Number of protein chains: 2
Amino acid sequence: MSGITLDRLQIFLAVAEYLHFTRAAESLYLTQPAVSAAIQSLEDSYGLRLFHRIGRRVELTDAGRLLQAEARDILDRVALTERGLRELNEMQRGELHLGSSLTIGNYWLPRKIGEFKRRHPGIVVNCTLANTEEICTGTATGAFDLGLIEGEVLPSTQRHLEKAIVGGDRLVIVVGPSHPWFELPFVETHQLAETAWLMREPGSGTQQRFEEALLSWQVDPSILPIALVLTTGEMVKVLVEEGVGAAAISELIVEKELQLRTMRAVPIIDPEQSSVLEIRRPFLKLRHRQRFQTKISRVFEQLLVSY
Amino acid sequence: MSGITLDRLQIFLAVAEYLHFTRAAESLYLTQPAVSAAIQSLEDSYGLRLFHRIGRRVELTDAGRLLQAEARDILDRVALTERGLRELNEMQRGELHLGSSLTIGNYWLPRKIGEFKRRHPGIVVNCTLANTEEICTGTATGAFDLGLIEGEVLPSTQRHLEKAIVGGDRLVIVVGPSHPWFELPFVETHQLAETAWLMREPGSGTQQRFEEALLSWQVDPSILPIALVLTTGEMVKVLVEEGVGAAAISELIVEKELQLRTMRAVPIIDPEQSSVLEIRRPFLKLRHRQRFQTKISRVFEQLLVSY
DNA sequence: CAAAACCATCAATAAAATTGATGAAAACCT
DNA sequence: AGGTTTTCATCAATTTTATTGATGGTTTTG
């Protein structure tokens with residue numbers, strides 16, 4: 001009956017999101033009457049309706065929209081405050097939300113997370129893998145404390161994000177044992193078109209960087225014969241071992257295979273300068289420019305940089 | 001026992017201000033144990049102390065200072081939100097979306113809106129002019145709080161809408177100074193086909209009502225010589241002044257012209273009964289049957305009716 | 001050293017939120 | 001159309017939570 005409470009705001013927000021009392025109730029593990037009561041309390045307190053009830057459909061009123069924005073803000077702030085307080089408790093508890101693109105997340109980040117967990121066993125680390133674009137938007141909206149990508153920052157999110165290099169890898173040209181290049185000491189740039197290639201999809205960081213490298217070597221990417229286009233480095237790796245063709249892939253992904261000699265990284269030579277060519281790629285750490293950073297996040301960031 | 005609530009923040013802030021449990025309790029009209037319990041709940045939830053209890057003195061801890069700043073912020077925001085909601089209800093601000101058809105919107109509604117704005121300066125009135133059909137569908141879908149039309153309700157939207165008469169106008173037959181009727185005291189119904197006519201387009205409320213009237217006078221509309229078909233009353237008005245022909249038009253539109261004698265409203269007489277014929281037309285107010293009506297909308301409606 | 005001030009604790013009570021059952025209205029489906 | 005389902009509102013009963021009044025222990029004050 002009496003005004004705003006955080007619980008009621010929470011309930012209101014759920015209803016505003018689902019536009020459905022029953023579903024909102026389920027999402028909060030409440031019963032539907034509890035939700036109805038909460039909304040009515042709010043409505044009664046201010047003598048207005050927050051939702052239109054049109055038949056069995058529910059829509060936000062103007063007042064509802066106003067409250068939705070405010071409620072988000074208030075609850076956000078409360079959540080941050082709670083985190084802040086928990087952290088003061090000497091980092092014995094807390095959460096760290098990371099977002100990482102695939103290569104980093106699978107082959108580079110686990111070591112870092114392991115190290116962090118060893119030092120701060122009470123912290124729950126929550127790591128989401130997704131493509132670069134999703135990591136950027138997620139970091140911009142606050143879904144992640146920290147984002148890690150190997151490509152370029154999505155322009156639309158750039159002004160919200162602060163980036164820094166925290167490492168990198170090299171792309172290597174690999175072939176399987178049955179491939180003619182397997183025995184060669186090196187390959188010259190003009191020979192690149194002489195084999196079939198396994199590619200990642202055009203949106204991927206790996207593919208972008210590879211094409212960039214080809215152009216800098218004066219090789220037109222479109223002249224390479226493409227055997228297959230695949231969406232994960234794992235698939236590329238297996239098919240290269242099978243001898244289907246050559247591929248550019250992160251050295252991190254094929255580390256073990258190179259050791260076991262089930263594939264080989266063929267050096268590429270610039271015939272004019274007789275120098276070995278490398279494809280280096282930076283790993284970027286992203287964080288929101290303005291959003292308050294938790295202590296946990298700061299500590300993890302420190303650990304990333306001090307590798 | 002469970003986390004932050006607004007009440008507890010309120011209590012905490014009072015204690016942080018007075019640095020005194022008992023006095024804080026008094027200031028909030030609570031007993032001291034209630035305050036103790038509230039603070040302990042907060043402290044227990046995060047496993048830390050918010051106040052140093054040094055002897056019988058109370059001081060803020062680091063955590064307490066952090067929470068104090070945040071709590072102020074949160075409660076401030078909540079207060080603002082509450083005020084916003086209340087204002088919305090008490091009509092110190094808010095929006096009113098009106099949809100009106102052309103004649104009403106241009107010649108009748110402005111006075112009403114003016115009166116409303118005088119009484120409720122904080123309310124933003126947003127008035128969309130469109131044809132009857134669009135006003136009906138807009139009101140049915142909730143784009144408008146209130147719709148005003150001079151014609152009939154679009155049948156497909158009828159079951160969603162509630163209508164009521166809020167006023168009306170008369171269509172008058174006007175001619176310019178150079179027209180032969182200008183000097184006549186009246187015109188009989190059978191003479192109507194003796195001049196050229198300026199018509200509104202068939203969909204318009206004016207045109208519909210005019211044809212309806214002709215039929216009721218036993219005049220076949222199709223025998224009138226049509227000089228031009230125009231889409232606004234303004235254009236009709238100017239061309240009538242130029243002497244192009246006669247036209248049926250709302251008295252509201254030509255009020256000034258009649259005063260200035262740049263045109264004349266010719267009375268139409270039924271020769272059998274020697275009575276003056278009038279074409280009256282109601283203005284309808286529309287609103288959605290089920291959609292919640294804001295207080296603002298109700299007040300405006302009241303103003304319309306009580307003219 | 002006694003008195004007063006002050007916070008913590010506790011059992012009892014008051015207030016609230018929540019539930020499960022039920023009802024009424026609208027939408028959906030033949 | 002008519003029967004079925006979905007969905008929100010309502011209500012009495014229950015559980016949970018907040019508050020109270022009384023009390024005890026500790027510290028400061030005079």
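Reminder, nothing fancy here: chain letters follow the sequence lines and each chain counts from 1. As the structure is a computational prediction, the values presented were derived from the model and not from experiment.
- In this structure, A:His20 atom NE2 and D:dC8 atom P are separated by 5 Å, rounded to whole Å.
- Heavy-atom distances to DNA chain C give each of A:Tyr29 and B:Ser36 a nearest nucleotide, and the one nearer the 5′ end belongs to B:Ser36.
- Residue-level contact check: B:Val58 touches the backbone only, with heavy atoms under 4.0 Å from sugar-phosphate atoms and none from bases.
- Without hydrogens or angle criteria, A:Arg53 side chain to A:Val58 main chain gives no donor-acceptor distance under 3.5 Å.
- Rounded to an integer number of Å, the gap from CG of B:Leu19 to P of C:dC7 is 10 Å.
- The backbone N or O of B:Ala213 sits less than 3.5 Å from a side-chain atom of B:Ser216, completing a donor-acceptor pair.
- Regarding contacts with the backbone of D:dT6, every side-chain N or O of A:Arg57 stays at 4.0 angstrom or more from both OP1 and OP2.
- To the nearest angstrom, P of C:dA26 lies 12 Å from NE2 of B:His160.
- In this model, no side-chain donor or acceptor of A:Gln40 finds a partner on the base of D:dA9 within 3.5 Å.
- Of the listed nucleotides (D:dT19, D:dG21, C:dC6), D:dG21 has the atom at the smallest distance from the side chain of B:Pro33.
- For the pair A:Arg8 and C:dA17, the criterion of a side-chain N or O lying under 4.0 Å from OP1 or OP2 is met.
- Residue A:Thr31 places its side chain closer to C:dT18 than to any other of C:dT18, C:dC7, D:dG21.
- In this structure, A:Phe51 and A:Phe12 have tilted ring planes: the angle between them lies in the 30° to 60° band.
- The CG atom of A:Leu9 sits 13 Å away from the P atom of C:dA17 (whole-angstrom rounding).
- The side chain of A:Phe21 has D:dA9 as its nearest neighbour among D:dG21, D:dA9, C:dT18.
- Computed from coordinates, the A:Tyr18 OH to D:dC8 C1' distance equals 18 Å when rounded to whole Å.
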Between B:Ser101 and B:Glu150, is a side-chain hydrogen bond (donor to acceptor under 3.5 Å, both in side chains) present by the stated rule, with each step listed? CA-CA 7 Å; B:Ser101 53; B:Glu150 60 251 2; 2.9 Å; yes
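- For C:dC6, the OP1/OP2 oxygens have no side-chain nitrogen or oxygen of B:Arg53 closer than 4.0 Å.
- Contact check, B:Thr22 against C:dA5: no side-chain N or O comes under 4.0 Å of OP1 or OP2.
- Look at CD on B:Gln32: it is 15 Å from P on D:dT23, rounded to the nearest Å.
- As a whole-Å value, the separation of A:Ile11 CD1 from D:dA9 C1' is 16 Å.
- Here the C1' atom of nucleotide C:dT9 and the CG atom of B:Asp44 are 13 Å apart, to the nearest Å.
- Judged by distance alone, with hydrogens and angles left aside, the side-chain atoms of B:Ser204 form no donor-acceptor pair with the main-chain N or O of B:Arg200 at under 3.5 Å.
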